[in-house]
Every structure is written in structure tokens, then in C-alpha cells.
Chemist: 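For reference, the structure I am asking about is given below.
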2 protein chains.
Amino acid sequence: MPRNALYAQSGGVTPVINASAGGVIAAARRHPDRIGTMFAAQNGILGALDEVLIDTAQLTETHLTQLRHTPGGAFGSCRHKLKHGAELKRLFELFAAYDIGYFFYNGGGDSADTCLKVAEFAQYHGVDLTAIHIPKTIDNDLPLTDCSPGFGSVAKYVATSVREAGLDTASMAASSTKVFILEVMGRHAGWIAAAAGLASSDAASPPHLILTPEVPFEAGRFVRAMQETIARVGYCVVVAAEGVRDAQGVYLAESGATDAFGHVQLGGVAPVLAGLVKQHLGYKCHWAVADYLQRAARHLASATDLAQAIAVGEHAVSYALGGLRSVMPAIVREDNEPYRWRIEPVPLAEVANREKPLPLEFLNGDGLHLSPLGREYFAPLIQGEVPPPYRDGLPDYPRWQFVTGAKRLPAFDPARG
Amino acid sequence: MPRNALYAQSGGVTPVINASAGGVIAAARRHPDRIGTMFAAQNGILGALDEVLIDTAQLTETHLTQLRHTPGGAFGSCRHKLKHGAELKRLFELFAAYDIGYFFYNGGGDSADTCLKVAEFAQYHGVDLTAIHIPKTIDNDLPLTDCSPGFGSVAKYVATSVREAGLDTASMAASSTKVFILEVMGRHAGWIAAAAGLASSDAASPPHLILTPEVPFEAGRFVRAMQETIARVGYCVVVAAEGVRDAQGVYLAESGATDAFGHVQLGGVAPVLAGLVKQHLGYKCHWAVADYLQRAARHLASATDLAQAIAVGEHAVSYALGGLRSVMPAIVREDNEPYRWRIEPVPLAEVANREKPLPLEFLNGDGLHLSPLGREYFAPLIQGEVPPPYRDGLPDYPRWQFVTGAKRLPAFDPARG
């Protein structure tokens, strides 16, 4: 007898998380004898708790194609760490009501933890459930996988953006703006900022300075490095991770900007750095904050990243059907030239609640530049262009309206316990 | 006897200003009997004053192809308003020393003024010089032309970016970020912000609110409109021009943010708006500042914009050879469906020092949305994709090193008068 499956997206979305969803759905459809209905929870685990489920049978082949080229979360995502007690119990009531035998959770570190909790609860209570975690995070900080789906596309976006903005800065530097600062994501790890270093093709080309959370920020050192760069090439392009902090662990973005009313301004490390440049060097400075632009830029996705996002989705299903439990399909790098990779299962217990920091050897000795070793690691991840279809001059992203099913359970009461 | 020509780029660069340069150079090469050497000034008019000139004969056909797909200013640009007196006199000494009969100046409103000064000086002193202004500005505020080369590509970039980031915001809104704000360029005019409205395909889709300098900002009205949007669609995406100001003309970006040391923070209207949202509505809010990213994003250039940038360059040369003086090739819209345009000469005297504001009828009655009339105007300008070649996963932009010629004149002494 086939059993049903539940798929949910979790945490911040990526340009290619929908491609993983498509991989899961397509793979499940190839096994109707084993997997009956594949449900998707609306807005991640919250939709599971509230029993807002989408029967993915309503997705046509056109929908599956669209999943491969549309950013954001097709079914909605959420930030919610599943609580022991009432929430976990409710989830298993849902599993029972829908005969869910397979749980596919698509997210980063926090969702790996949630997925593991679910697997452990099932095992403890003797419930026949297979829980598989599907990796996804632009932060690239999941352990045991060479890289995380979503990251390669963000790396391609920031490297492209800094290369382009660098040409702009170079054009104007003789008489106007000499400094450009691009703030990228990375609260805890500098993977994205470091990958922007791929834009640099020689010692003179941008980015000239890379600031990561791993290397404690020192204002004096930053200002001197900038002066040296400007003396050498006439201008300076900086990429800064949002999580840049000093030796005491104080985030630069929280270094105290307040508005006229005395309210603390909402973050941004770039304007703080721009203030430093103006104060210490007096140069005209432009800054950009990529924010969601970088993690939604499906128009510039990496073909490698897209292929890996689809593959982890497909492997999740084959692992589940092959009897593996509590695993995550991980990307294994086989070779660099030419780049070859494969998918292998890794134990979820070793993934959950562990962050993989950027190796310091991916930066040069001064910690402000991408090292050859770092370049070797990042370069394959941004290869290949897979643009979405365009219509009327813009990416033709669908605006889906999926139908959710009638409820079978009483409304969830978190207090019930 | 052929005479020589001088080409210079001026002001902020665009994704397609090099395409105009390529148009000028290629067109001049078709008339060796009339135009001898085509020089390009390094760093705009500053290079002309300092006699740092590039003989464009060194540009191969490959270089000309690269000019069509490379952002920034190939020869460097500058922000410098040519002064009467010593500077103008020096320029004409250079013209005499190099037998310059044609001066092509590629820029926005300020450079139209410079170009006009040069033409008037020549006429007054009986110098045989043809001065042609080639339009370029992402601000789209040049008069007498339907649009300005550079603008269409920026419009395509911001509309794409807001559509993508909007999908991200929608995915997370149920449990996390409900508001996303994208700050775009436009200190004096809201052309770019308004064009971002093209991303919206129906009343529910982003951007939901557009803030322009033309519509005085009122915090209460903004907050109410945001609340209404969130009640209706669950989240709110805002596009704000950097030049948003209140009824007293005070820029929001200058509304008084200071850092821990009491220094005024370097601008940014997005963080100020985010602060308002947090203060009045308490929603989690993300914001991005596109800055140079938008005006350097050749990877997302509009085919229409690129074709027009090339055409104005080519027409500048044919006007010069046809005996027209003190004109600018302007883009004339012939029809909307299908979109057809042609190039016509307009008198430079009517272009210089005039800014074309965004027509208020391009916005809806509330001033916060793109109107159907506005959509009709903007839509054709972003049509068509013309991606650059990619190499190793990134746009393959050349890093030119053009040779500058030996000097013939004594060094420029601005004090000489």
C-alpha cells in the first residue's frame, strides 16, 4: 500500500529552493506504488500545524517547469523552530490523519534540527515515519555537504554585481566617487562575501577588500588598506558581510546609529563603513545593500546550483524509498577540473545545530582577500547560466494560487499540550 | 581634407554609454574622407583639459563589440562643469593643436550645457567646430527626447529586482518579514521608481507603494497605505526614490541619522523608511539600496535601450557630417503597439539646463502607484534581453588598457586665464 508524503519549505528562501521542491514532486510521481499523495505544507511547518495543505497532484507539468525557474518559496516558508510538546504532538496527529509515511523538510540548520526532532519522536513512539532533510541555505554553513543549494546562485549574483559596480566606480574615480561598498548577507559566516572575490581577475580589479565575520574588524587596518588600494589603483571596492564585527564581537551594523528621534536605526554595515571612510579619508563614497535582491535573483542563477538543488530533491525521495531514515542528501565534490560532484546521504544527527564557518585558509594572510584555495572552492559553484523565460521585458514568474484541502482535524490549540 | 574628432563621456555612467561610444567610432570609420582621427578623452572633459587623449584607431573590431556589452565608461568619465575663461580657452587650444573639427559630448543635462558653451564659444570666435551632444542619463530627465539612453536598462533592472524580492517577501510574510523597501536612484525625479511599477502584474503584486520626489512624503499617509496593503495582501513592497522629500522639500535621507560619534550618517532613504515602519507598525522590515548596482547592471540591459544608445551615437556622426551644429540626437516615439521610434535632431539650446520631471499623470490619483498611462510609456523601454558573454560563470567584461598619446601642449595651468 502506498503511503502519503509531506513536503515543507523552511527558513529564508533561495533562488532555487523551488527547484528542490520540483525534484521531490517529480521523483515521487515516478513511484505511485510507494508514494500516494504528496502534500506540501503552506508556509512551512506552520501550515502543517494549522493543517493548511496543498495536494501537489494539482501541479501540472507546466507548474513543475516553473518551479525550476521561479525564486521565493512556491508554497511559502516560515521562521519557526518546532517546539517539543504540543507542536510535535500535533504534527504526528496530522501525520496519522493523512497517513504520512514520508516527511521531507527543505531548509537550513534550524530545520535540520526540527527534522531530527521529528525523526526521534517517531522512533521513540514507534511511528513508522521516514524523515529526510533537504539542504538549502544561501549561507552555505551546513556541515557535511560540500556546499548548500542556493549558495552558488547568490555567489554568482554578488560576484557579478561587484564586477559591474566596480567598472562604474573605476569610471568615475578620477574626479568623483573613489569608494564603493557592497553589503551582502552573512550574519555569522563570510561565505558570500568571500565568494564575491571571484569577480577579481587580477590584483588591480575589484573587489579590493573583503570583510567577513571571521576576521575581526579593525577600523585603522581597514582605513590603511583602503588608502593603499587607492594609491595603487585609484579607487577601492569593498564587499562587507552584514555580520562584520570587531574583536569584542560587536557588530558594526549595531554600532549605534540613531535617527533624529533617538531611535536606533535598522542595521546596515555599509553606511557605517561609508561613515568611516568619509571621516578618516574624506573620499566620496557610494554604498549598496543587496539584501533580498541577492537571494531572490533567479535571473542570474548558477546552472550548477540549480542542478544540485534538483538533485538533492530527487535523492531525498530515492533515499526514503530505499529505506534510509534521518538522513540528508549531501553534495560531495569529486573533482575540481573538471568539476564533478555526486549526492550521498549523511546522518541528520551530525548536521543539526552545527554551523560550518568559512575556512580561514580561503582568505589570504591579511584576511581581506580571497585566497587561491578559496577561489578553487568557489569557482565551480557559479558556473553556467540558466535564465528564466522573459515576457514583456521581465522574468516571467508565475503567481500561483494553489488550492488547499478541507480540514480533517480540529483547529490546533497550542495550549493543549 | 578630413578633420579630426574628439569624443568624451561625462557624468554618471550607464550600462550602455559604451554602446554610444561604439556607435560614434564605428560611424566615423565609415567616413575616412571626412573624419581623420577619432580621439577619446580619458576621464571626460578633464582628459581634454589635461591632454590625455586616446587615439581610437587602436580599438579593434573586438573592442567595438565589447563596447556594446560592457558597463561603466570605457574611457573614464568625470563630474566637472566646464568653466568659462581658462578652461574653455584651453579646450580650444587643444582643438587647434589636434585639428579637432567635431566635438561629441556624451552626457546628461550638465554636459548638454557644457557642449552648448563650447558651440557658442566657437561661433563667437569664428572657430570651425561642430559640437554635438549625445544623450545619456539613467535619470531620464533630459528634455525633448522621449527617453534617455541608459534609463531603459535601469528600469528593467529595478523592475526585475523588485519582482524577485517581492516573491521572497511573499514567501516569508506569514511568520517573518512583512515589509520590503527598495531604494533606487532619482534625486530630483521619480522616473526610475515609477518604472519599477512595471513589475506589478495585478493589484496584489509588488511593488505596492511607489515613493517619488514629485509627490510630497507624508509619514501618516505612507503608514496608512502600508497597513491597508498588508491587510489586503499580507505584505508590502515599497520602491522609494533616493530623493523622496516632504512638503517642505526636506529629503528623508537627510532627516538626521547620526552615528555613535554624532556624525551624520551618509544618506539612504530606505533605512529611514524602515525605521518608520518599525516605529509605527512594528513589522519586521528588510531594505535594500541598489545604488551603483542598478546603473552598472549590463547583464540585465534592455535591448531597446541598447539599440537606442547605439543609434544616438551613429546619428551624432551623421548630423555632424550633414552640417548640423549644436544639436542633440533625440529619440522620438512613433507608436506604442508595436513600439516604433526614430532619431531626430533637436537644438541643444533647448536641451541644456532643463530637467524633465516625471509627469504626475504617470502616477495614479494617490501618487503612490504607476498609472496605466505611465505603464504605456515605460513598458516598451525595457523590452528585449541582450546578455553579455559569460566566462567562468561571470559576465566577461574586458579590462581595457588603452594607450594615451604623447602631449603636444604645455601642461594646463588653470590660473593662466
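None of the values given here were measured: they were computed from a predicted structure. Per chain, numbering begins at 1; letters A, B, ... match sequence-line order. The basis for the numbers below is simple: all heavy atoms, side chains too, and nothing from hydrogens, waters or symmetry mates.
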Chemist: With only heavy atoms counted, which part of B/L300 is less than 4.5 Å from chain A, the side chain, the backbone, both or neither?
Modeler: side chain
Chemist: Side chains of A/Y292 and B/S161: donor-acceptor distance under 3.5 Å anywhere?
Modeler: no
Chemist: Listed by chain and number, what are the ring pair (Phe, Tyr, Trp, His ring centres under 6.0 Å) partners of A/Y235, not counting sequence neighbours?
Modeler: A/H208
Chemist: Measure from the side-chain N and O atoms of A/K156 to the backbone N and O of B/G393, and report whether any donor-acceptor pair falls under 3.5 Å.
Modeler: yes
Chemist: For chain B, which candidate among A/S171, A/G72, A/G73 shows the most heavy-atom pairs at distances under 4.5 Å?
Modeler: A/S171
Chemist: Which atoms of A/L182 come close to chain B, meaning under 4.5 Å heavy atom to heavy atom: side chain ones, backbone ones, both, or neither?
Modeler: side chain
Chemist: A/Y390: what forms a side chain to side chain donor-acceptor pair (under 3.5 Å) with it, not counting sequence neighbours?
Modeler: none
Chemist: Looking at every heavy atom in both B/Q383 and A/D392, which two are closest together, and how far apart are they?
Modeler: NE2-O, 3.2 Å
Chemist: What are the two closest heavy atoms between A/L198 and B/L394, and how far apart are they?
Modeler: O-CD1, 3.6 Å
Chemist: Please report the closest heavy-atom contact between B/T160 and A/H299, naming both atoms and the distance.
Modeler: CG2-ND1, 3.8 Å
Chemist: Considering all heavy atoms of both residues, which atom of A/S77 and which atom of B/S175 are nearest to each other, and what is their separation?
Modeler: O-OG, 4.4 Å
Chemist: With a 4.5 Å cut-off on heavy-atom pairs, point out which of B/A297, B/G384, B/A379 contacts chain A the most.
Modeler: B/A297
Chemist: When you measure from the side chain of B/R163 to the backbone of A/P395, do you find a donor-acceptor pair of N or O atoms at a distance under 3.5 Å?
Modeler: yes
Chemist: Test side-chain contact (heavy atoms from CB on, under 4.5 Å) on A/D291 and B/W287; report intermediate values, then the result.
Modeler: CA-CA 7 Å; A/D291 195 65; B/W287 53 272; 5.8 Å; no
Chemist: Relative to chain A, which segment of B/L46 carries a heavy atom at a distance below 4.5 Å: side chain, backbone, both, or neither?
Modeler: side chain
Chemist: Heavy-atom distances under 4.5 Å only: say whether A/T70 touches chain B with side chain, backbone, both or neither.
Modeler: side chain
Chemist: What part of B/N43 lies closer than 4.5 angstrom to a heavy atom of chain A: side chain, backbone, both or neither?
Modeler: side chain
Chemist: Any chance you could measure A/L167, atom CG, to B/R298, atom CZ, to the nearest 0.5 Å?
Modeler: 12.0 Å
Chemist: Which one of A/L381, A/T177, A/V162, A/T304 has the most heavy-atom pairs closer than 4.5 Å to chain B?
Modeler: A/T177
Chemist: Side chain, backbone, both or neither: which part of A/S201 has a non-hydrogen atom closer than 4.5 Å to chain B?
Modeler: side chain
Chemist: Tell me, out of A/R391, A/R399, A/H80, who's got the most heavy-atom pairs with chain B below 4.5 Å.
Modeler: A/R399
Chemist: Go through it in stages, so that I can follow the logic: the residues are A/K284 and B/R79, the test is side-chain contact (heavy atoms from CB on, under 4.5 Å), and I'd like the CA-CA distance, side-chain angles, deciding distance and then a yes or no.
Modeler: CA-CA 12 Å; A/K284 189 172 174 193; B/R79 292 207 184 278; 4.2 Å; yes
Chemist: Heavy atoms only: give me the nearest B/Y157-A/L293 pair and the separation to one decimal.
Modeler: OH-CD2, 4.0 Å
Chemist: In terms of heavy-atom pairs under 4.5 Å with chain B, which of A/A165, A/P71, A/S205, A/G76 leads?
Modeler: A/S205
